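Note sheet for the following structure.
The structure displayed is predicted, hence computed values, not measured ones. Naming convention: chains lettered A, B, ... in sequence-line order (proteins, then strands); numbering from 1 in each chain.
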Amino acid sequence: MSKERLLNHLYALGRLLAVVLTTFLGLLLVTFLIGRVVPIDPVLAVVGDKASPEVYERARIAMGLHLPLWKQFFIYLQNVLSGNLGTSVLTARPVLEDILRVFPATIELAVTGTFLGVIIGVPLGVLSAVYRGSIIDHITRVIGLFGYSLPIFWLGLMGLMILYANLDLLPGPGRVDMFYEDIVTPVTGLMLVDSLLAKEYDIFKNALSHLILPASLLGYYSMAYLSRMTRSFMIEQLRQEYIITARVKGVAEWKVVWGHALGNCAIPLITVIALSFGGLLEGSVLTETVFAWPGLGLYLTNSLLNADMNSVLGSTIVVGAIFLSINLFSDFLYKVMDPRAR
Amino acid sequence: MTQIPLLTVENLNVTFPSPKGDVQAVRQVSFSMSNEKLGIVGESGSGKSVTGRSVLKLLPSYADVAADRMEFKGQDLRNRSEKEMRQIRGEEISMVMQDPKYSLNPVRTVGRQIDEAYCTHRKVSRKEAKERTLEMLDAVKIRNPKRVYNLYPHEVSGGMGQRIMIAMMLIPEPSLMIADEPTSALDVTVQMQVLAILDDLVTQRGMGLIFISHDLELVASFCDRVIIMYGGRVMEICEARNLKASSHPYTRGLLNCLPKINGSDEYLPILERDEAWHSDQFSVSDRSAQ
Ligand SMILES: Nc1ncnc2c1ncn2[C@@H]1O[C@H](COP(=O)(O)OP(=O)(O)OP(=O)(O)O)[C@@H](O)[C@H]1O
Ligand SMILES: [Mg+2]
């Protein structure tokens, strides 16, 4: 690599980091301001509403709330950047600790959902682009339309009602049966991985059966989106001249489609998959509530309902930071994979 | 010559349906060729590329292609299945695509793309394929083939792209090569070198070459015979050395439009087109001896 190219790379990287840092700072400013604007008195939340005015005043000063707003923001910044997101009123534990405990459950769900969405959605999109206007194209479109128009909580409740309540094919809400809870020691926090590590195969099977329904639902949404995007990327690629070139060489049609054309779609698809993964994290609030899935979404909902502001703002910051990292990561992959962007 | 011709096309018609009315890209085109250099010249849109692609049966599926005869080495191409065509493509008939900028896969190295052309028809190891590719790049006068092997299409110049394309299409040693403007992006010296390579393949190895070009002068001096096309029709087919003496009004028109180096500085005449050339009655004059 030439020196000039390296400099270009460093420059691009620096610019990207600058954008990310500014966005993150903006996010912190917004969460800080929300914390000051909501009609929940943070002092009362700590001292309780039976405290005397003196106690109240002392707590207010101890919390730094008498300082000018910009100084408060500065202190807030310092705290957040050193990992101190405050203490949850509800659980009486540091918010960061709470989040680290519940977050793996959300990741496990979103990763499985995205995985299902990719392995089904991408091939469906390819096939419907190749056989445009055929029956498979129409079926894919209809499946996709359902995916766009049905709200996930409705689908989730229907799924639970039919597969759990009526047919008893799948277990009910939660990550594992009550009976199995708190047996395996969390290592990664991912139930499937931890149970395997602990050689608790029954728990693994149980956790898998609990995961199937919510992950399939999320996978369905992801699939609806990915198949549509893949289809349009593929149609665009299949009419390029290099496709004819490959055919002139006598290359088998499956290699032309799945090698040449899909290879050129891989780059934009990465961004789309990352977006869809972010969307599933965002959608976790609804899914986790329906399935009583003890992840970040459920934690956020509970904190909101209990006016636990530190937890709410802390979760928001974490979700925002993850969104930013996903974008950063997909940009990075894009640069690595596209020879024209290198 | 009484042997079977390499390629015979009789009354080829290609129509592209479109909402604004059908486009008749190729009409009643007939020609026959042996192991020679056959030039096709004509203005932009006269149907040169479409004629070439019909031989490989690589027009989009919505195109309406019909011919009374289309024979390659005596075998009828019209009823060949896709699978049978794949045996022929690359291995027997190959085509240098018109614009290397769009005709190479942007996310694969050129080396890998040339390897693929070879491996599709030969059972060889990766290493052998790479060696053959490097030889081929050298044969089309690319300096430093090892470096070029690992480049991506956007990293090579237009002229280099065309030579890469030629290398890719020559590597399985086809018996008929359709070259769609293979030298138009090359400077004169490289153009001469590439023409020499093609000429060699025809005279030494007995390959047939269809050489599509805009350049009347070039075709007249390089090819054995020339097909002049206009509006999807063959205007005339003649021996290249007799081209300058053609009496066909369209060919005369084209010839008169060529600037002469030591000619007078009069304005070049505007090409005259006769409506009658579009009609079926206007017969193709094949003055070339077959
Ligand atoms: N895939 C296609 N769909 C519809 N029309 C087409 C298609 N390909 C070619 N045509 C039309 O067929 C006609 C002949 O095109 P062709 O590409 O053969 O011209 P050409 O002689 O090769 O011109 P050029 O010198 O510019 O390459 C043109 O009118 C063109 O618009
Ligand atoms: Mg053309």
Side-chain angles (χ1 to χ4, degrees), chain A residues 1-2 4-6 8-9 122 126-134 136-137 230 233-272 333-342, chain B residues 49 52-53 55-62 82-110 112-122 150-155 161 164-165 168-172 174 177-180:
Chain A
M1 202 193 297
S2 71
E4 195 186 337
R5 257 200 198 173
L6 194 71
N8 269 339
H9 271 95
V122 170
V126 170
L127 290 178
S128 48
V130 172
Y131 303 106
R132 227 180 334 159
S134 73
I136 188 161
D137 188 17
T230 308
F233 291 149
M234 279 298 281
I235 286 174
E236 178 59 28
Q237 292 304 323
L238 283 171
R239 58 163 157 255
Q240 301 294 319
E241 285 287 293
Y242 70 81
I243 295 292
I244 310 262
T245 307
R247 290 189 183 132
V248 168
K249 294 194 280 188
V251 173
E253 192 60 22
W254 67 268
K255 280 190 190 165
V256 175
V257 171
W258 299 90
H260 285 273
L262 189 59
N264 275 272
C265 296
I267 296 152
L269 267 181
I270 284 175
T271 315
V272 170
L333 268 187
Y334 201 109
K335 291 230 160 57
V336 172
M337 285 193 49
D338 190 348
R340 287 157 296 188
R342 251 178 246 158
Chain B
S49 299
R53 282 185 192 191
V55 174
L56 281 161
K57 303 225 290 185
L58 276 177
L59 289 170
S61 54
Y62 56 82
E82 245 324 92
K83 195 168 163 229
E84 290 168 314
M85 281 312 292
R86 270 202 293 276
Q87 304 295 315
I88 295 175
R89 289 183 198 135
E91 170 87 359
E92 289 280 4
I93 310 177
S94 193
M95 178 162 177
V96 169
M97 305 276 290
Q98 188 162 2
D99 195 336
K101 203 165 139 213
Y102 299 108
S103 306
L104 292 169
N105 185 337
V107 302
R108 289 199 185 171
T109 61
V110 298
R112 212 179 134 201
Q113 297 187 54
I114 304 176
D115 284 354
E116 188 186 36
Y118 194 56
C119 294
T120 302
H121 301 285
R122 303 286 140 85
N150 290 314
L151 293 183
Y152 285 91
H154 73 279
E155 294 170 317
I164 287 165
M165 187 53 113
M168 184 157 83
M169 293 311 174
L170 283 179
I171 201 167
M177 165 124 129
I178 303 166
D180 201 347

Exercise. Hey, which of B/S94, B/P106, B/A117 has the most heavy atom pairs under 4.5 Å with chain A?
Worked result: B/P106
Which region of [X], side chain (C-beta onward) or backbone (N, CA, C, O), has a non-hydrogen atom less than 4.5 Å from a non-hydrogen atom of chain A, or is it both or neither?
X      : value
B/M168 : side chain
B/M95  : both
B/L104 : backbone

Exercise. Quick check: are there more than 12 heavy atoms from other residues, nucleotides or ligands sitting under 6.0 Å from CZ of B/R122?
Worked result: yes
Seminar exercise, completed: Residue set satisfying side-chain hydrogen bond (donor to acceptor under 3.5 Å, both in side chains) with B/S49, at least two apart, ordered chain then number -> B/Q98, B/D180
Problem set entry | Heavy-atom side-chain proximity of A/M234 to A/V257 below 4.5 angstrom | yes
Exercise. Hey, which of A/I243, A/I244, A/V248 has the most heavy atom pairs under 4.5 Å with chain B?
Worked result: A/V248
Exercise. Is the side chain of B/R53 donor-acceptor paired with the backbone N or O of B/P60 at a distance under 3.5 Å, no angle test?
Worked result: no
Problem set entry | Contact origin within A/E253 toward chain B - heavy atom pairs under 4.5 Å | both
Problem set entry | Distance (rounded to the nearest 0.5 Å) between A/R247 CZ and A/K255 NZ | 15.0 Å
